[in-house]
Amino acid sequence: MIPTIILAVCVMLALAGVFAVLLGWANVRWHVHVPEQLQHLMDAMPGANCGGCGYIGCSEYAEAIFHEGAAPDKCSVGGAAVAERIAEIMGVEHVAGVPSRPVVLCGADFDERLKRPEYRGEPTCAAAVMVAGVQGCTFGCLGLGDCVEVCKFDAIHIINGLAVVDYEKCVGCGACVRACPRNIIQMVPFHADAMAVVACSNLDPGKVVRGVCTVGCIGCGICAKLDDIFTIADNNASIDYDRYQADTDLSAAIEKCPRKIIRMEGK
Amino acid sequence: MTVADTIKIPGKRSFARGIHPSDKKSLCAGSPVEILPTPKSVLIPLSQHIGAPCAAIVKPRTEIAIGDVVGDSEAFVSAPVHASVGGTTSAATVTTLPNGQHVGAIPITVAEEQPLASQGLWDDIYGGNWPTDSIESLDPKQITQAVRTGGIVGMGGATFPTHVKFARNPDKPIDTLIINGCECEPYLTSDHRLMLEAPEPIIAGALLSARAAGAERIIVAIEDNKPDAIEKMQSAATGTGIDIVGVHTLYPMGGEKQLIVAVMAREVPTGGLPLDVGVVVVNVATAAAVARAVLRNKPLTHRIISVTGEGVATPKNILAPVGTSYADIIEHCGGLTDSADRVISGGPMMGFALGDLDVPVTKGTSGIVVLTEAQTRKSAETACVRCGRCVSACPLGLVPTRIALAARNKDWEMAKRYYITACVECGCCAYVCPAEIPLVQLIRAGKAGLPRD
């Protein structure tokens with residue numbers, strides 16, 4: 001009589017053998033042909049599946065490049081290196097672009113924002129934004145971290161009630177831009193390591209802004225007088241990033257801004 | 001109830017599910033409407049309705065009289081706003097209304113001499129005679145136009161422009177007008193007081209509204225916790241052919257869809273309007289405003305507000321001009337008590353908690369309710385135990401827990417499959433939830449977060 005344990009091992013081995021043959025045969029029989037070029041593209045992807053390129057994941061982007069000729073520079077995680085590799089595989093010329101990074105268009109931390117009653121509702125920005133008077137400023141950061149939750153790279157944090165981007169970690173996938181219910185995170189082409197930003201989105205008249213924030217833009221226009229890269233619209237200053245160059249120096253405007261709301265963001 | 005009554009009013013006076021919150025109306029149901037002394041300044045929001053906001057048509061630093069147009073819009077779904085006091089305008093500013101609308105607003109510094117104040121104001125708005133014999137000869141289009149010009153919107157709180165409800169659609173004829181005097185929100189008594197103190201303009205407004213919308217039958221529905229109002233309205237309606245019906249006291253009876261089921265036994269389809277089942281519903285205060293706009297040619301400038309709750313020193317019903325700040329009104333009622341914790345614009349079920357009292361009253365402000373710390377205290381939220389209480393409370397027959405948790409997890413497919421957009425946000429589910437899950441709040445935020453497609 002064969003001991004039970006030996007019998008069991010033999011049965012398992014036999015089964016393994018049968019399935020190995022079956023699987024091997026199935027692999028040959030139903031083989032999916034992946035073109036070599038597409039395989040190389042997939043291998044070149046960083047595999048973060050963040051969706052920053054606008055496709056569902058890395059492999060879909062690879063297929064879009066292969067089948068539809070999508071642009072090689074859409075992967076924000078891989079940056080220039082991946083774009084060059086893709087261009088090389090596809091045999092197209094790659095012109096190095098400028099990476100985009102998010103900037104938070106609110107510069108007031110918890111203590112700088114006025115009229116902040118206690119909020120006891122659902123602790124998400126999407127819920128708080130529906131409560132009138134959750135804070136005085138109806139444009140500014142709510143500080144409950146919907147952007148932090150969607151960031152796969154741990155690159156945005158709430159520091160004293162204000163979302164702050166960690167540019168060392170940020171890859172520019174844009175998930176935070178889509179998550180913000182107040183639409184105050186904007187993608188900006190980073191021509192330099194650090195860019196000047198008017199960190200305020202408030203479109204109300206200056207008098208109203210003064211009542212709700214100690215730093216918000218009041219649309220005084222001093223920056224626009226110093227440099228025509230600034231434009232004032234709806235009581236709010238903004239920078240024309242199409243004209244921003246790597247050597248653009250806006251330190252005079254930063255210095256003169258009475259609210260100190262033009263700030264350098266970046267590394 | 002006789003057989004003849006049943007044929008006339010087929011509804012069972014009630015609807016399925018719903019809740020019975022403590023109504024707390026005794027706090028100020030007995031206090032007659034007090035006329036607020038004219039405030040020193042008012043702030044007229046340029047959008048006090050659902051629809052396109054108005055553009056300001058007055059210049060800063062100009063003299064303006066009560067009833068003058070302050071802002072208007074070309075859009076169909078919109079209503080003009082008027083000066084509620086005489087005075088001098090200042091430069092336009094912005095304000096955030098309790099419902100979250102961030103809108104432009106015109107400040108008016110009130111002149112010392114007001115042509116209408118105290119009893120004279122009351123007589124001009126609700127007092128005097130309301131002749132109803134000439135209504136049959138009026139052109140429906142003229143009535144609708146006068147309602148538009150008068151800036152009348154639904155005063156029950158939803159602020160939908162009333163003239164839009166009256167615009168006739170040949171494909172969807174209206175047979176019944178329901179005048180909504182339910183006031184199912186706890187605490188609020190403004191409609192109750194109006195029915196007691198000024199039933200005549202409501203009746204006149206009901207006849208005018210029916211004429212404008214083409215309704216043959218008029219039913220005034222009042223919750224049966226207000227027998228005195230039912231009696232008063234019945235005697236005012238004698239000889240007009242208007243039926244006064246007492247419906248069960250059940251929240252949210254004042255919701256259009258629930259009221260139509262209770263009175264007419266008709267079900268408004270999901271995503272549909274009362275129009276689809278041949279009904280128009282108009283609040284009692286709106287009806288009175290319609291009468292004033294058409295018969296007296298005066299726009300909507302004032303409204304009755306219940307200032308109530310355990311957190312306010314002396315609860316009162318106040319007649320206040322639109323644009324008065326909440327702070328001024330609360331001040332007039334003796335201010336907040338020490339235990340006051342939360343100020344709500346509207347009723348406690350569907351109203352909005354305020355972060356700042358320096359906001360103006362609008363045409364839709366039916367009440368200011370101040371709750372105490374003991375009332376707003378909540379225990380920590382726990383997991384859903386699938387008890388199904390929210391399901392047995394939801395007047396629309398939805399599954400609130402499924403929708404709310406799907407919305408929290410941003411599972412929009414699931415939320416849509418369970419009809420998130422059908423929710424009317426009455427709050428019954430959150431009221432009954434033993435796990436303290438903020439169901440209605442999650443659903444509300446979820447609706448805003450639904451991806452557009």
Side-chain angles (χ1 to χ4, degrees), chain A residues 51 56 110 113-140 142-151 175-176 178-184 201-213 216-219 234-236, chain B residues 43 45 60 90-105 107 326 341-346 351-360 362 371 373 376-378 380-381 404-405 407-410 412 425 430 436-451:
Chain A
I56 289 169
F110 195 88
R113 265 172 270 157
L114 307 173
K115 295 192 181 175
R116 292 204 58 146
E118 183 193 357
Y119 172 68
R120 298 179 202 154
E122 180 77 358
T124 65
C125 302
V129 76
M130 309 193 73
V131 179
V134 63
Q135 65 185 24
C137 180
T138 46
F139 298 88
L142 291 159
L144 292 165
D146 284 14
C147 49
V148 177
E149 198 187 320
V150 297
C151 183
C176 51
R178 294 185 290 275
C180 179
R182 286 201 154 168
N183 296 320
I184 55 165
S201 310
N202 199 315
L203 306 180
D204 287 343
K207 195 179 161 196
V208 178
V209 178
R210 281 177 198 276
V212 297
C213 185
C217 174
I218 51 173
D234 293 329
N235 309 305
N236 189 263
Chain B
L43 183 65
S90 316
T93 176
V94 289
T95 186
T96 307
L97 300 179
N99 63 8
Q101 270 184 301
H102 191 63
V103 297
Y326 279 66
D341 183 60
R342 185 178 298 173
V343 181
I344 296 169
S345 168
F352 304 99
L354 293 176
D356 181 11
L357 293 184
D358 200 15
V359 287
T362 69
L371 300 181
E373 203 275 325
T376 59
R377 197 183 301 142
K378 274 188 77 174
E381 183 187 330
L405 299 179
R408 178 179 269 169
N409 297 327
K410 301 194 172 57
W412 306 125
E425 301 166 15
E436 301 267 19
I437 303 173
L439 293 163
V440 69
Q441 291 87 341
L442 288 169
I443 296 175
R444 205 166 161 258
K447 279 188 191 176
L450 272 188

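Numbers restart at 1 for each chain; the letters A, B, ... are given by sequence-line order, proteins then strands. Since this is a predicted model, take the numbers as computed values, not measurements.
- Residue B:Ala448 touches chain A through its side chain alone, counting heavy-atom pairs closer than 4.5 Å.
- Once rounded to the nearest 0.5 Å, the distance linking CD of B:Glu381 with CD of A:Glu122 reads 6.5 Å.
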(request) Evaluate side chain to side chain contact (heavy atoms under 4.5 Å, CB included) for B:Thr93 paired with A:Lys207, printing each intermediate quantity in order. (result) CA-CA 9 Å; B:Thr93 176; A:Lys207 195 179 161 196; over 6 Å; no

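- Residue contact with chain B, scored on non-hydrogen atoms closer than 4.5 Å, is absent for A:Val134.
- To the nearest 0.5 angstrom, B:Asp356 atom CG is 12.5 Å from A:Gln135 atom CD.
- Heavy-atom neighbours of B:Leu450 CG from other residues, nucleotides or ligands within 6.0 Å: above the threshold of 12.
- At least one side-chain heavy atom of B:Val94 sits under 4.5 Å from a side-chain heavy atom of A:Pro205.
- Taking B:Gln441, B:Arg444, B:Gln101 one by one and counting their heavy-atom pairs under 4.5 Å with chain A, the maximum is reached by B:Arg444.
- Only the backbone of B:Pro98 comes within contact range of chain A, with heavy atoms under 4.5 Å apart.
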Quiz item: Should A:Arg120 and B:Lys378 be marked as a side chain to side chain contact (heavy atoms under 4.5 Å, CB included) after you check the CA-CA gap, both sets of side-chain angles, and the distance that decides it?
Solution: CA-CA 10 Å; A:Arg120 298 179 202 154; B:Lys378 274 188 77 174; over 6 Å; no

**Message:** Set out, in order, the CA-CA distance, both residues' side-chain angles and the distance that settles side chain to side chain contact (heavy atoms under 4.5 Å, CB included) for B:Arg408 and A:Thr124, then state yes or no.
**Reply:** CA-CA 9 Å; B:Arg408 178 179 269 169; A:Thr124 65; over 6 Å; no

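- Contact of B:Leu97 with chain A is made through the backbone alone, with heavy-atom distances under 4.5 Å.
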